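Worksheet: one structure, shown below.
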Amino acid sequence: MTSIQQIDTVEHAAATRDHPQPYRELGLKDDEYQRIRDILGRRPTDAELAMYSVMWSEHCSYKSSKVHLRYFGETTTPQMREKMLAGIGENAGVVDVGDGWAVTFKVESHNHPSYVEPYQGAATGVGGIVRDILAMGARPLAVMDPLRFGPADAPDTRRVLPGVVAGIGGYGNCLGLPNIGGEVVFDPSYAGNPLVNALCVGAMRVEDLHLAHATGVGNKIILFGARTGLDGIGGVSVLASDTFSGEETGPGRKKLPSVQVGDPFTEKVLIECCLELFREGLVVGIQDLGGAGLSCATSELASAGDGGMRVELDRVPLRAEGMTPAEILSSESQERMCAVVRPSDVDAFMRVCDRWEVTATEIGEVTEGDRLVITWHGETVVDVPPRTVAHQGPVYRRPVQRPTDQDALRANIPDALPRPSTPDDLRDTVLRMAASPNLCSRRWVTQQYDHYVRGGTVLAQPADAGMIRIDETTGRGVAVSTDCNGRYVRLDPYAGTQLALAEAYRNVAVTGATPVAVTNCLNFGSPEDPGVMWQFEQAVRGLADGCVALGIPVTGGNVSFYNQTGSTAILPTPVVGVLGVIDDVRRRIPTGIGGQAGDALLLLGETRDEFGGSEWAHVVHGHLGGRPPAVDMAREKLLAEILVAGSRDGMVSAAHDLSEGGLAQALVEAVLIDETGCRIAPPDGVDLFVWLFSESAGRVLVTVPRTEEPRFTDMCTMRGLPWTRIGVVDPDARALEIQGVGSIGVAELRETWEGTLPALFD
Amino acid sequence: MARVVVDVMPKPEILDPQGQAVAKALPRLGFEGVTSVRQGKRFELEVDDAVDDATLAKIAETFLANPVIEDWVVRRVEP
Amino acid sequence: MARVVVDVMPKPEILDPQGQAVAKALPRLGFEGVTSVRQGKRFELEVDDAVDDATLAKIAETFLANPVIEDWVVRRVEP
Amino acid sequence: MSRIGVIIFPGTLDDVDAARAVRHAGAEAVALWHADADLRGVDAVVVPGGFSYGDYLRAGAIARFAPVMGEVVAAAKRGMPVLGICNGFQVLCEAGLLPGALTRNASLHFVCRDQWLRVENTATVWSTRFEPGAEILVPLKSGEGCYVADQHTLDELEGEGRVVFRYLLDSGGGTGSPNGSRNDIAGITDARGRVVGLMPHPEHAIDPLTGPTDDGLGLFLSVLDAVGAAGALAEAVSGR
Ligand SMILES: Nc1ncnc2c1ncn2[C@@H]1O[C@H](COP(=O)(O)OP(=O)(O)O)[C@@H](O)[C@H]1O
Ligand SMILES: [Mg+2]
């Protein structure tokens with residue numbers, strides 16, 4: 001056991017102003033350390049140093065991104081804000097979806113931990129985002145997992161991908177949350193730096209919204225859930241070996257692994273326990289413990305409240321012996337929550353925790369004044385203004401510069417790449433594309449995820465968006481999609497991010513839901529690279545301006561920087577998530593074209609010769625250059641309105657969005673989902689290759705019952721949405737038949753489309 | 001032919017939800033007095049005599065155990 | 001305080017897909033000469049001195065192992 | 001109205017779905033908490049899916065010791081209908097109500113898919129509503145669904161017609177298991193045809209909106225026929 005005398009107290013710190021501290025090892029810059037000294041009027045104690053260093057890290061303080069993220073708030077109009085109950089600055093955004101329901105959703109990254117230890121990294125990524133949603137007072141309802149890996153056939157991908165997928169499945173399945181969608185993208189730029197983003201969506205009654213505030217002097221702070229251990233304390237272990245007295249005999253720790261192990265069972269019980277606490281009205285404020293652990297929870301709760309806070313750190317239940325205050329404050333042990341509770345409710349609170357066998361401990365209370373004071377066996381080890389820890393970290397306006405190679409990249413257009421033209425070549429290209437890692441069936445991955453649990457999943461993989469029912473009586477539900485094509489963003493970060501937004505928006509709209517809100521996870525390289533900062537700035541502006549054009553707000557998000565191998569950054573990957581609302585899930589539009597012979601297949605939107613950043617250029621030529629497809633937000637909005645109207649009036653029996661791989665790939669998927677067939681007759685005079693493989697935005701393949709065709713096409717014509725009748729459903733054909741290309745049987749298509757991932761990862 | 005056992009255990013500082021679940025359940029089943037449980041893996045290998053200790057160590061380290069979160073011990077046993 | 005180890009292994013006649021997966025993967029990773037792998041569980045318990053062998057046997061049989069599919073061995077070890 | 005109990009352990013996940021299926025079938029669903037040794041007078045019990053106590057040791061290993069399970073075992077011995085789904089099946093095997101055990105899928109991966117099954121025995125209280133040999137499509141979602149038992153037990157199960165559900169490769173295709181189960185066994189019954197366990201999830205196939213079919217409703221309707229009739233008889237005898 002560490003003896004009390006060895007602990008660095010405030011009193012001692014004040015008396016030993018010149019004691020050298022390992023702030024650089026903890027990631028603080030000289031001036032940042034000096035600022036802490038200025039704030040405190042003395043040197044920080046070990047515990048304070050641990051707190052400031054972790055809370056002022058890029059991950060927690062958004063020090064490089066803050067100046068740019070402000071643009072989201074500046075561009076959100078009162079009208080866009082109308083349905084937003086909580087937005088940027090809260091744990092997760094909350095949207096009013098009608099009938100007294102509020103829905104909250106958010107994406108977060110767990111990229112670096114998942115590279116080191118794929119299973120646990122991904123698993124704890126899911127655990128973390130679920131607690132964020134829970135902390136809003138909502139019941140978590142579903143998860144999604146946008147993923148990026150290095151080349152599909154790279155040996156390291158064989159290590160990382162199966163582990164990540166097993167971890168997401170292992171945690172989510174055990175938690176009882178259906179996985180309703182996600183992404184799997186392969187690109188060499190992610191080889192040393194995979195992206196593991198996790199999204200959670202939850203729902204609550206509007207009046208149950210809980211915000212992370214420590215209000216009401218005298219209210220108790222209760223820590224509950226798992227015990228606190230040495231996991232994830234990473235760099236802070238240097239403090240333990242470098243005690244204030246510099247004693248050689250100090251209980252130095254070897255550098256600890258910063259990997260955390262998840263315990264989904266504990267989290268499941270914690271969820272049920274929290275929901276019961278909310279139901280009973282026993283919670284004044286609540287905060288999840290994620291990155292930065294107690295440092296974050298205590299300083300954020302106190303800083304958002306109306307008083308100060310006192311915490312007795314020695315009361316925290318521990319899993320390891322001899323932990324120091326600094327270690328306890330920085331531990332990232334999973335499955336913990338922190339609540340603010342009225343003194344009169346503490347007994348009732350504890351009874352609920354007992355029933356669920358959840359460890360709960362009163363560790364402090366809300367106090368008068370505005371200091372966060374933390375004691376250790378009666379001695380003060382932290383005495384700080386909480387806002388300086390949680391919200392007044394350093395802010396950097398990093399240099400921004402358009403990369404010098406950007407012009408060359410843009411000039412390297414794909415127009416001269418040899419294109420297939422004979423029927424055989426076109427047929428081969430359809431199959432080659434369908435089998436390519438980015439377009440092939442994701443079944444190998446999604447089959448490891450439970451999408452049935454809770455019984456509310458209406459659409460899941462391979463639908464364009466996941467959809468869940470939130471109210472069994474009325475049938476009200478939500479749809480969510482996440483998207484990003486990093487190649488488009490690389491070619492043009494502003495337009496590329498808008499394309500990501502447009503695609504997620506369209507994916508929601510094709511289900512018949514009305515898009516209402518946006519979240520994001522901005523994965524970029526190093527903010528110290530001006531080129532990366534330029535990408536970031538452009539991406540934020542593109543997303544914000546796109547949202548204004550669509551009239552829906554960004555309600556929250558997450559930034560992940562330093563995604564690079566050596567000095568090579570990943571493709572800029574601003575993953576955009578869009579949430580949509582549907583008043584009755586029974587009118588959802590399915591993705592497969594169905595088995596009704598004679599139903600008309602219509603292509604909505606316009607096809608142009610657009611191959612910059614396309615999957616075809618990537619798969620066939622390994623080419624990246626030119627401009628991404630043009631984006632037109634007004635068109636996307638019109639398309640969505642028409643789809644929703646089509647769904648309401650029963651005019652559309654299926655819809656599938658066109659994206660990577662173009663029309664050919666959309667047809668392959670739409671046929672295979674229902675094991676059906678169709679006959680396609682391209683319009684006279686089109687360039688078949690362009691028509692089949694271009695990735696022009698704003699297009700959707702719809703199936704329209706024969707009887708509805710005139711009504712539906714009239715509506716499109718009247719509202720100015722271009723449409724083309726391209727063929728009919730023909731289930732008996734059991735093949736994709738394209739005039740000028742030939743026929744591909746369903747069996748061959750299926751084998752081609754589904755064989756790729758099993759061959760690589762089984 | 002030799003028999004080799006590789007024991008792989010979660011590192012002491014790493015959370016062991018499995019062992020914890022067992023430890024919590026025991027008193028409920030009426031078994032008192034077990035103060036701590038950790039759960040790991042045991043591998044039993046049959047190997048050709050040509051396989052040397054260095055190779056075994058490598059197999060354990062790179063494949064059977066995950067050095068980030070686990071400790072391991074390799075030993076040859078009597079058949 | 002005593003330390004007890006309980007080894008639980010799949011019965012020989014029961015399919016052990018985990019062990020098989022390891023055995024299959026080893027040659028691919030360049031490790032030859034491992035002819036068979038079986039994977040089981042290892043429990044490390046700390047127990048009060050009052051806990052006798054009969055109790056330990058019972059814990060192993062009724063709880064840590066499933067006699068339908070697993071064999072087990074209980075042994076006290078030096079701390 | 002018949003009352004069907006749905007057991008909830010910490011870590012149970014499909015209890016909401018089992019209760020919904022019970023209600024769809026026209027009965028009252030009664031939540032039974034693991035820590036209470038009380039079946040609250042229900043007519044039948046469903047042990048639903050999930051990861052009871054995290055299933056870290058072995059699926060179902062801890063749950064079978066829960067106070068409520070003592071009551072379930074006693075009631076089953078008296079002939080009360082009991083259905084174990086997925087984790088519930090694992091719990092019933094661990095508790096000795098059904099023979100054999102469920103181990104890691106041969107693929108070592110969790111598998112979630114729509115699965116064709118053939119109904120092999122339509123005489124259990126949970127399967128009378130099916131036609132003999134009926135093929136049904138229901139979700140399967142499990143990581144430890146590989147049914148194993150020694151040869152003697154397997155022979156006995158087959159000989160006595162106690163395999164209730166068998167995995168099919170496809171509708172109209174031969175049998176074949178997605179997880180390595182012996183004899184492609186998906187579900188079995190006790191000797192009296194009153195305790196049934198299966199790995200696939202009939203409670204997730206009650207409405208084509210949220211499941212592949214409504215084929216799973218047959219199990220719940222079957223048991224209501226049985227307990228409804230028994231209930232009517234008991235009422236007649238007691239002169240109520
Ligand atoms: N890219 C972004 N766009 C909009 N809001 C963001 C973005 N990144 C972070 N935020 C917001 O900043 C706040 C702090 O983010 P974060 O640290 O991820 O939350 P938490 O503390 O719950 O982990 C959140 O409200 C989040 O929504
Ligand atoms: Mg949070």
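Here is how names work: the chains are called A, B, and so on, in the same order as the sequence lines, proteins then strands, and each is numbered from 1. On a predicted model such as this, the values are computed, not experimentally measured, just so you know.
For D/Glu94, the part lying under 4.5 angstrom from a heavy atom of chain C is the side chain only. Residue contact with chain D, scored on non-hydrogen atoms closer than 4.5 Å, is absent for C/Gln20. Heavy atoms of D/Asp150 lying under 4.5 Å from chain C are absent altogether. Contact annotation for C/Gln18: both backbone and side-chain heavy atoms come within less than 4.5 Å of a heavy atom of chain D. Contact annotation for C/Lys41: only side-chain heavy atoms (C-beta onward) come within less than 4.5 Å of a heavy atom of chain D. Only the side chain of D/Arg64 comes within contact range of chain C, with at least one heavy atom under 4.5 Å from a heavy atom of that chain. Within the 4.5 angstrom heavy-atom criterion, no atom of D/Ser107 approaches chain C. Residue D/Leu108 touches chain C through its side chain alone, counting heavy-atom pairs closer than 4.5 Å.
Contact count versus chain D (heavy atoms, under 4.5 Å) is highest, among C/Ile69, C/Asn66, C/Val68, for C/Asn66.
Within the 4.5 Å cutoff, no side-chain heavy atoms of D/Trp126 are placed close to those of D/Leu198. Residues C/Glu32 and C/Leu26 have side chains not in contact (no heavy-atom distance under 4.5 Å, counting atoms from C-beta outward).
Under the 4.0 Å criterion applied to side-chain N and carboxylate O atoms, D/Arg166 and D/Glu120 are assigned as salt-bridge partners.
Side-chain contact of D/Tyr167 with D/Asn179: a donor-acceptor pair under 3.5 Å is present, judged by distance alone.
Within a 6.0 Å radius of NZ in C/Lys11, more than 12 heavy atoms belonging to other residues, nucleotides or ligands are found.
Remark: the backbone N or O of C/Met1 is not paired with any side-chain donor or acceptor of C/Asp48 at under 3.5 angstrom.
In summary, of the residues considered (D/Val16, D/Ile85, D/Leu83), a side-chain contact (heavy atoms from CB on, under 4.5 Å) with D/Glu203 occurs for D/Ile85 alone.
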